[in-house]
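Heads up, the thing below is written out as structure tokens.
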Amino acid sequence: MLTLQESLWEMEQKFWLEGADFHARHLTDDCVLLLPPPAGVMAREAALEWVRDTPRWTGVRFGGRRLLQLQDRIILLAYNASAHRRKELTTYRALVSSVYVNRDGDWRVAFHQETPDEVLSGATGRFELLKEP
């Protein structure tokens with residue numbers, strides 16, 4: 001039998017790999033998701049639509065895992081993710097946090113945020129200053 005920690009990490013992985021049906025079962029009704037553009041800040045229905053319209057990841061790895069129990073029924077997961085899709089040559093890397101709440105005996109995500117790690121994902125991260133004419 002899995003421990004609570006193992007169960008939450010397994011559920012977190014499924015959020016990356018599974019479709020809208022899984023998300024619908026495991027998001028709170030009042031959840032908030034903060035995803036990189038063009039997604040942005042989303043409530044439950046917008047998030048479910050986004051998942052339906054976006055190809056799912058075929059693989060994901062977690063590093064630097066941290067679990068913080070904030071209260072008996074609130075747990076924060078924080079980690080760095082490395083995800084890919086079979087047909088794409090690039091890897092998406094992000095710093096991620098999810099807040100799980102236990103409502104009526106079920107653990108669900110109430111908050112999720114992804115901050116892309118542009119350096120690790122291959123972006124230059126450089127900005128050019130424009131000179132005035």
Side-chain angles (χ1 to χ4, degrees):
M1 183 168 192
L2 296 177
T3 67
L4 174 59
Q5 289 186 17
E6 291 168 334
S7 295
L8 292 178
W9 284 112
E10 184 177 280
M11 186 181 301
E12 187 72 10
Q13 185 178 41
K14 288 181 179 181
F15 271 107
W16 288 81
L17 306 175
E18 300 289 330
D21 290 341
F22 176 85
H23 286 71
R25 287 190 311 273
H26 299 288
L27 291 173
T28 64
D29 291 339
D30 56 351
C31 69
V32 174
L33 281 68
L34 280 73
L35 299 177
V41 179
M42 293 186 287
R44 179 185 167 85
E45 290 310 314
L48 293 174
E49 186 176 327
W50 175 261
V51 170
R52 283 185 201 100
D53 295 342
T54 304
R56 303 314 306 142
W57 300 102
T58 55
V60 64
R61 290 183 301 170
F62 298 158
R65 293 185 200 202
R66 300 287 185 269
L67 183 146
L68 176 62
Q69 186 142 9
L70 301 170
Q71 293 182 3
D72 287 345
R73 297 178 178 261
I74 303 173
I75 294 179
L76 167 73
L77 300 183
Y79 57 97
N80 57 66
S82 178
H84 66 277
R85 293 184 180 103
R86 283 194 183 103
K87 295 182 180 182
E88 295 178 9
L89 299 176
T90 59
T91 299
Y92 171 68
R93 291 183 172 90
L95 304 174
V96 183
S97 61
S98 294
V99 174
Y100 284 78
V101 296
N102 187 315
R103 293 189 178 159
D104 300 322
D106 291 324
W107 287 95
R108 297 173 186 263
V109 168
F111 176 80
H112 177 83
Q113 178 178 3
E114 296 175 23
T115 303
D117 190 332
E118 294 174 348
V119 174
L120 293 176
S121 293
T124 63
R126 291 182 284 181
F127 298 92
E128 292 185 26
L129 296 176
L130 298 176
K131 295 182 182 178
E132 293 184 28

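All values derive from a computational prediction rather than experimental measurement.
P36 and P116 make their closest contact through CG-CG, 3.5 Å (heavy atoms, listed as atom of the first residue, atom of the second, distance). When every heavy atom of L76 is checked against every heavy atom of S97, the shortest pair comes out as CD1-CB, 4.0 Å. Between V96 and A81, the closest heavy-atom pair is CG2-CB, 4.0 Å. Closest non-hydrogen pair, H112 versus Y79, comes out as CE1-OH, 4.3 Å. The two atoms that bring V51 and G19 nearest to each other are CG1-C, 3.7 Å, heavy atoms only.
Contact annotation: the side chain of E10 approaches that of K14 to within less than 4.5 Å [non-hydrogen atoms, C-beta and beyond]. The shortest distance between side-chain heavy atoms of N80 and D117 does not fall below 4.5 Å. Residues T91 and S82 meet the side-chain proximity criterion, which asks for heavy atoms closer than 4.5 Å. Side-chain contact between Q113 and V32 is absent, with no heavy atoms from C-beta onward closer than 4.5 Å. No side-chain heavy atom of V101 sits less than 4.5 Å from a side-chain heavy atom of R73. Contact annotation: the side chain of D29 approaches that of R44 to within less than 4.5 Å [non-hydrogen atoms, C-beta and beyond].
Around the CG atom of D72, the shell of radius 6.0 Å holds no more than 12 heavy atoms that belong to other residues, nucleotides or ligands. Within 6.0 Å of CD on Q71 lie no more than 12 heavy atoms contributed by other residues, nucleotides or ligands. The 12-atom threshold is not exceeded at CZ of R61, counting heavy atoms of other residues, nucleotides or ligands nearer than 6.0 Å. No more than 12 heavy atoms of other residues, nucleotides or ligands shown are found within 6.0 angstrom of CD on Q5.
Between H23 atom NE2 and R108 atom CZ the span is 13.5 Å, to the nearest 0.5 Å. With rounding to the nearest 0.5 angstrom, the CD atom of E49 is 9.5 Å from the OG1 atom of T54. With rounding to the nearest 0.5 angstrom, the OG atom of S7 is 13.0 Å from the CD atom of E12. Put simply, CH2 on W107 and OG1 on T28 are 13.0 Å apart, with the number rounded to the nearest 0.5 Å. With rounding to the nearest 0.5 angstrom, the CD1 atom of I75 is 4.5 Å from the CG atom of L4. Distance CG/L8 to CG/N102: 9.5 Å, rounded to 0.5 Å.
Legend: residues meeting ring pair (Phe, Tyr, Trp, His ring centres under 6.0 Å) with W50, ordered by chain and number and at least two apart, are absent. For the ring pair (Phe, Tyr, Trp, His ring centres under 6.0 Å) test, residues two or more places apart in sequence or in another chain that qualify with F22 are F15, H26.
Linking Ile, Leu, Val, Met, Phe, Trp and Tyr whenever their side-chain heavy atoms come within less than 4.5 Å leaves L27 and I74 in two separate clusters. M11 is not connected to V99 by any chain of hydrophobic side-chain contacts under 4.5 Å among Ile, Leu, Val, Met, Phe, Trp and Tyr, and they are in different clusters. Clustering ILVMFWY residues whenever any of their side-chain heavy atoms sit less than 4.5 angstrom apart, transitively, puts L95 in a cluster other than the one holding L77.
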Starting from the C-alpha separation in whole Å, work towards a yes-or-no answer on side-chain contact (heavy atoms from CB on, under 4.5 Å) for Y92 and V60.
-> CA-CA 9 Å; Y92 171 68; V60 64; over 6 Å; no
Using the side-chain contact (heavy atoms from CB on, under 4.5 Å) rule, take R56 and L17 through it: C-alpha gap first, then chi angles, then the decisive distance, then the call.
-> CA-CA 6 Å; R56 303 314 306 142; L17 306 175; 6.0 Å; no
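Taking the six-membered ring for Trp and thresholds of 30 and 60 degrees, W9 and F62 have ring planes inclined between 30 and 60 degrees apart.
Using a distance-only test at 3.5 Å, with no hydrogens or angles considered, a donor-acceptor pair links the side chain of R85 to the main chain of P55.
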